[in-house]
**Student:** 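What follows is a structure written as structure tokens; I'll ask about it next.
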2 protein chains.
Amino acid sequence: MATGTRDRILAAASTLLRRQGYNATGVKQVIDESGAAFGSLYHFFPAGKEELGAEAVMVSSAAFERLLAEAFDGVPDAATGVRRLFAEAARQLVDSGYAEGSAIATVALETANSSERVREACAAAFERWLTAAAARIAAGGAGTVPGTQRTPGNRAVELAVGVVAALEGALVLARTLRSTEPLRIAGELVAQQVDVALARP
Amino acid sequence: MATGTRDRILAAASTLLRRQGYNATGVKQVIDESGAAFGSLYHFFPAGKEELGAEAVMVSSAAFERLLAEAFDGVPDAATGVRRLFAEAARQLVDSGYAEGSAIATVALETANSSERVREACAAAFERWLTAAAARIAAGGAGTVPGTQRTPGNRAVELAVGVVAALEGALVLARTLRSTEPLRIAGELVAQQVDVALARP
DNA sequence: GTCTATATCTCGATAGAC
DNA sequence: GTCTATCGAGATATAGAC
């Protein structure tokens with residue numbers, strides 16, 4: 001089955017961590033929202049909150065990877081994929097009443113120097129995002145003229161770092177300022193940079 | 001005098017919030033680190049932790065504004081100022097053992113939907129950073145040839161958003177991945193963008 | 001203004017019946 | 001595997017002597 005008790009606990013934790021962060025999210029609240037029994041938490045996650053947090057981060061990471069793939073699917077060029085990625089992030093932010101920004105940035109900052117286990121899960125998530133983004137940028141979009149494609153080298157990786165950093169930073173600004181302007185501006189800037197870099201390699 | 005009890009409490013709170021965030025920092029810990037008495041906290045900050053947090057954010061904001069000013073002082077062009085800003089952020093991160101990243105990003109994300117008072121302080125801080133960065137970029141650096149300077153219009157503001165977003169996002173990545181590479185890469189990308197934008201307006 | 005003692009609450013985690 | 005009761009620690013905040 002796809003929605004066992006463990007999965008429901010993880011789904012609830014993933015949402016709560018995104019909205020409230022790690023320290024503000026109590027294990028009891030996770031249990032309440034998931035509908036599971038309190039004892040089930042320590043049955044499925046013997047190491048407690050840290051284990052739950054690390055696993056929930058992996059769930060959130062996978063969700064973002066799907067979002068990233070959707071943004072780049074069928075686009076004429078990589079810059080369009082970047083624009084769609086930022087637009088979708090803005091949509092989620094507004095639709096949630098500015099409650100849902102980056103899926104793991106809050107948790108990553110909170111646990112960077114207090115929980116090695118959760119921090120490693122966040123680091124693994126960012127690594128996967130960077131790898132996925134670099135691959136999409138290196139592909140250059142479906143509309144790239146054959147023969148002009150670049151190898152997925154350093155430039156694509158560097159642009160991927162620029163895209164992810166701009167997205168994460170713009171989400172911090174947007175959530176705090178309660179405005180999508182930072183996402184619109186930063187997204188357009190980095191999209192143009194991807195466009196230029198792929199056009200003149 | 002410049003270092004009264006209130007100032008010492010704020011200084012301790014500012015440092016702890018930067019390293020641990022809002023929820024992980026207890027008022028008791030702030031008091032211990034400041035050397036003040038517990039009762040002094042509620043004497044100077046009657047509204048308690050939220051008031052202390054908001055005031056500490058303002059202190060951190062001012063410190064970053066000084067850092068930004070120093071990075072741009074005496075540079076031949078704005079892009080050099082951006083490079084110095086990112087380099088200084090990387091230095092602080094490494095020197096602190098990856099404990100001190102953005103002065104307020106963690107607090108901003110934690111309180112975005114739980115404390116309006118602290119969130120507003122963070123929003124005011126970001127607004128000031130953007131304004132200051134835009135002014136420096138619009139100035140174009142001391143080495144700008146007379147007659148080629150641009151008015152501090154929309155472009156400088158947009159570039160400022162790009163710079164601050166890239167810095168905040170790169171700090172999230174760098175702190176989590178325990179590497180200064182994201183700061184180096186994102187900083188260089190955004191510096192080049194500032195350079196190009198100022199050269200061809 | 002400073003300091004100590006304490007009230008009240010919630011946290012993560014555990015024990016043990018079923 | 002599920003569920004309840006509870007522990008001990010630590011949180012913010014308050015009261016009141018000095």
Side-chain angles (χ1 to χ4, degrees), chain A residues 1-57 106-107 110-121, chain B residues 1-57 106-107 110-111 113-119 121:
Chain A
M1 59 178 144
T3 54
T5 299
R6 198 185 122 103
D7 289 326
R8 282 188 290 117
I9 293 175
L10 279 178
S14 174
T15 300
L16 287 171
L17 288 183
R18 182 177 187 180
R19 303 177 72 100
Q20 307 177 336
Y22 185 79
N23 291 318
T25 300
V27 293
K28 212 153 193 171
Q29 186 183 15
V30 172
I31 285 303
D32 287 346
E33 300 259 340
S34 72
F38 187 76
S40 296
L41 199 158
Y42 288 90
H43 171 72
F44 290 111
F45 308 93
K49 189 180 182 181
E50 282 195 284
E51 183 178 3
L52 172 63
E55 296 275 347
V57 163
T106 314
V107 175
E110 282 179 293
T111 61
N113 283 276
S114 62
S115 169
E116 187 61 11
R117 184 165 191 168
V118 179
R119 191 216 112 227
E120 283 174 1
Chain B
M1 62 177 138
T3 54
T5 300
R6 199 187 121 102
D7 289 327
R8 280 188 293 116
I9 293 174
L10 280 177
S14 174
T15 300
L16 288 171
L17 289 183
R18 182 178 189 180
R19 302 177 74 101
Q20 306 177 336
Y22 185 79
N23 291 319
T25 300
V27 293
K28 211 155 194 169
Q29 186 183 16
V30 172
I31 285 303
D32 287 346
E33 300 258 339
S34 72
F38 188 75
S40 297
L41 199 159
Y42 287 88
H43 172 73
F44 290 110
F45 308 93
K49 188 180 182 180
E50 281 194 284
E51 184 178 3
L52 172 64
E55 295 275 348
V57 163
T106 314
V107 175
E110 282 179 293
T111 61
N113 284 276
S114 62
S115 169
E116 188 61 10
R117 184 164 193 169
V118 179
R119 191 217 112 227

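Chain letters run A, B, ... following the sequence lines, proteins first, then strands; residues in each count from 1.
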**Student:** Expressed as a whole number of angstroms, how long is the span from B:Asp32:CG to C:dC3:P?
**Tutor:**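 The answer, rounded to whole Å, is 13 Å.
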
**Student:** A:Gln29 CD to C:dC11 P: how many Å, rounded?
**Tutor:**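 Nearest whole value for this atom pair: 8 Å.
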
**Student:** Does B:Arg8 reach the main-chain N or O of B:Ser34 with its side chain, forming a donor-acceptor pair under 3.5 Å?
**Tutor:**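 Pair found, side chain donor or acceptor close to backbone of B:Ser34.
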
**Student:** Using whole Å, report how far CG of A:Leu41 lies from P of C:dG12.
**Tutor:**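 So the CG-P distance, A:Leu41 to C:dG12, works out to 10 Å.
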
**Student:** Can you check the B:Gln20 CD to D:dA11 C1' distance for me, whole Å?
**Tutor:**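 Taking CD of B:Gln20 and C1' of D:dA11, I get 14 Å after rounding.
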
**Student:** So A:Gly39, base contact, sugar-phosphate only, or nothing? Heavy-atom distance under 4.0 Å.
**Tutor:**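 Base contact.
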
**Student:** Measure the distance from CD on A:Glu51 to C1' on C:dT14 and round it to the nearest whole Å.
**Tutor:**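 Result: 16 Å.
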
**Student:** Rounded to the nearest 0.5 Å, what separates atom CZ in A:Arg6 from atom CG in A:Leu41?
**Tutor:**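 Here the rounded value is 10.5 Å.
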
**Student:** Which of these nucleotides, C:dG1, D:dT12, D:dG1, is closest to any side-chain atom of B:His43?
**Tutor:**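 It is C:dG1.
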
**Student:** How long is the gap from CD on A:Glu51 to OH on A:Tyr42, to the nearest 0.5 Å?
**Tutor:**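 Nearest 0.5 Å value for the CD-OH distance: 10.5 Å.
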
**Student:** What integer distance in Å separates A:Asn23:CG from D:dG10:P?
**Tutor:**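 After rounding, the reported distance stands at 15 Å.
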
**Student:** Are any of the side-chain heavy atoms of B:Thr106 and B:Arg18 separated by less than 4.5 Å?
**Tutor:**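 No - every pair of side-chain heavy atoms lies 4.5 Å or more apart.
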
**Student:** Within the structure shown, what part of the strands sits under 4.0 Å from B:Tyr42 by heavy-atom distance: base, sugar-phosphate, or nothing?
**Tutor:**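 The answer is base, as B:Tyr42 lies within the cut-off (heavy atoms under 4.0 Å) of a base atom.
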
**Student:** Can you tell me which nucleotide in C:dC3, D:dC3, C:dG12 comes closest to the side chain of A:Ala37?
**Tutor:**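 So the nucleotide nearest the side chain must be D:dC3.
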
**Student:** Would you say C:dT2 has OP1 or OP2 under 4.0 Å from some side-chain N or O of B:Thr5?
**Tutor:**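 Yes, such a contact exists.
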
**Student:** Give, for atom OG1 of A:Thr25 and atom CD of A:Glu110, the distance between the pair rounded to the nearest 0.5 Å.
**Tutor:**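 One gets 8.0 Å once the value is rounded to the nearest 0.5 Å.
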
**Student:** Please state whether the phosphate of D:dT2, meaning OP1 or OP2, lies under 4.0 angstrom from any side-chain nitrogen or oxygen of A:Ser40.
**Tutor:**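 Indeed, a polar side-chain atom of A:Ser40 lies that close.
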
**Student:** In this structure, how many angstroms lie between the P atom of D:dC3 and the CZ atom of A:Phe38, rounded?
**Tutor:**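 In whole Å, D:dC3 P lies 13 Å from A:Phe38 CZ.
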
**Student:** I need the NZ-P distance between B:Lys49 and D:dT14, as an integer number of Å.
**Tutor:**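 Result: 15 Å.
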
